[in-house]
Amino acid sequence: MQQRRKDLRFPLPRGFAARLQGRRVLKVDRRAKYILIHLEGDEILLCHLGMSGRMLIGNGPVLEPEAHDHIILETDDGGHVRFNDARRFGMMDLVSEAGLARHKLIKGLGPEPLDPAFTGAVLATRLDRKATSIKAAILDQRVVAGIGNIYASEALFRAGLSPKRKAGTVQGPRAEKLVAAIKAVLAEAIAAGGSSLRDYVQTDGELGYFQHRWAVYEHEGEACPACECDIAVTGGIRRMTQGGRSTFYCPRRQR
DNA sequence: CACGCCACCTGTGAGC
DNA sequence: TGCTCACAGGTGGCGT
C-alpha cells in the first residue's frame, strides 16, 4: 500500500497505511455512492469517488504512478488497485463494522433506490411538505441515496414531472411513477456500464455507454424523444440551473 | 430544521 | 498558437 498524499477531500485517518497493510479483503459492497471494502480485523475501507475519482485495477507493480494516483493498494498476487482522482473530491476513511451505521457520512443517508422496499409510498412520505423543488429533493441523499445530477434529469423526464415542481406535491400516483422511473433509469444505466463524461472508464478500461441513451441530459435544443411537437416552435429540450447544477427537461411533456 | 448557496480542485473545451 | 474563462459527475458546511 502506498499513500501518496496525507489527504483527499478530507484528511486520511491516522495510521491509514498501517491499518490496511496485510489485511485480507472479505467482500466489497456499497451504500449509496460509497464503496465499502470489508477487511479482516473488523475494518471497513469506506471510499467515495467524488466527481472524478477512479479505481484502476492492474497487473504487476506500479512502476511509475500517474498524475493524481493518490492511493495504491498492492495485492498479494502482485497486482494493484489505484485510486486516481484529479479533482480530489473523493474521500476515504476507515470504520469498524459496528461503527458504519453511525459514521457521519453514512448515518443520514436515505433508502436505496433499487431496494424493493423503496416504493412510491415511501418516497411520498419523505417528500411530504417539502418546499424545495423535486429535482433538488431527489438529489438530496437524505431523501433517497445514490441519484446524481444526470439521473435526476433523466428520471424526472421519464416520470413526466417538471423539475421545478414543489417536492411536496409529488404524492400518490406521481410518486409511484417517479419511483418506477428512478428504478428503471438506474437499472438501465448499470446494465449499460454507466455514463461517460469525458474520460470516464469502467474498471476494464472501456467507456461506459449509457450516455448514448440520455433522453434529455446534454440534449439542449434537440427534439424531445417523447413529443411530436415542432422543435421550431417549442425550442425542444431546455436547460436551466437549479442549485448551481444543470437541469435538462422538456417543458411540454414534464408538468 | 429547511433551504439555498458556496467552496473544494483540476482538466477541458470554447471563445478570442 | 496561446491565453482566459466558464463549467463539469458530489457533497459538507455555512448563512439565512
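Lettering of chains follows the sequences in order, A, B, ..., and the numbering in each one begins at 1.
Close to dA8(C), at under 4.0 Å from its OP1 or OP2, lies a side-chain N or O of Arg239(A). In this structure, Lys130(A) does not reach the dA2(B) phosphate: none of its side-chain N or O atoms is under 4.0 Å from OP1 or OP2. For dT11(C), one of the phosphate oxygens OP1 or OP2 lies less than 4.0 angstrom from a side-chain nitrogen or oxygen of Gln141(A). At dT11(C), one or more side-chain N or O atoms of His48(A) fall inside 4.0 Å of OP1 or OP2 (strictly under the cut-off). Considering only side-chain N and O atoms, Tyr217(A) lies under 4.0 angstrom from the phosphate OP1 or OP2 of dG9(C). Of the side-chain N and O atoms in Thr132(A), one or more sit less than 4.0 angstrom from OP1 or OP2 of dG4(B). In terms of phosphate contacts, Arg87(A) brings no side-chain nitrogen or oxygen within less than 4.0 Å of OP1 or OP2 of dG10(C). Contact check, Lys104(A) against dG12(C): no side-chain N or O comes under 4.0 Å of OP1 or OP2.
Across the protein-nucleic acid pair, His68(A) atom NE2 and dC9(B) atom P stand 13 Å apart, rounded to whole Å. When the P atom of dG10(C) is taken as reference, atom CG of Leu49(A) falls 11 Å away, rounded to whole Å. Atom pair Arg245(A):CZ and dA6(C):P shows a separation of 19 Å (rounding to whole Å applied). If you measure from atom CZ of Arg88(A) to atom P of dT11(C), you get 18 Å, rounded to the nearest angstrom. Atom CG in Asp85(A) sits roughly 11 Å away from atom P in dG11(B) (whole-Å rounding).
Residues Lys183(A) and Glu112(A) are not paired through a salt bridge, judged by the lack of any N-O separation under 4.0 Å between the basic side chain and the carboxylate. Ion pair Glu66(A)/Arg82(A) flagged as a salt bridge, since at least one NZ, NE, NH1 or NH2 atom sits closer than 4.0 Å to an Asp/Glu carboxylate oxygen.
With hydrogens and angles ignored, a donor-acceptor pair closer than 3.5 Å exists between the side chain of Arg9(A) and the base of dT11(C).
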Verdict with reasoning, Asn84(A) to His70(A), per side-chain hydrogen bond (donor to acceptor under 3.5 Å, both in side chains): CA-CA 6 Å; Asn84(A) 180 287; His70(A) 304 309; over 6 Å; no

Apply side-chain hydrogen bond (donor to acceptor under 3.5 Å, both in side chains) to the pair Gln254(A) and Ser162(A), showing each step before the final yes or no. CA-CA 5 Å; Gln254(A) 295 175 252; Ser162(A) 167; over 6 Å; no

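Backbone-only contact: Ala131(A) has heavy atoms under 4.0 Å from sugar-phosphate atoms and none from a base. Using a 4.0 Å heavy-atom distance criterion, Gly148(A) is classed as a sugar-phosphate-only contact.
Of the candidate nucleotides dT11(C), dG13(C), dG9(C), dG9(C) has the atom nearest to the side chain of Asn149(A).
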For nucleotides 14-16 of chain C, list the nitrogen or oxygen atoms of the protein found under 3.5 Å from its nitrogen or oxygen atoms, one pair per line.
none

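With no hydrogens or angles considered, no side-chain donor-acceptor pair links Thr234(A) and Arg252(A) at under 3.5 Å. Checked by atom type, the side-chain pair Asp85(A)/Ser52(A) shows a donor-acceptor distance below 3.5 Å.
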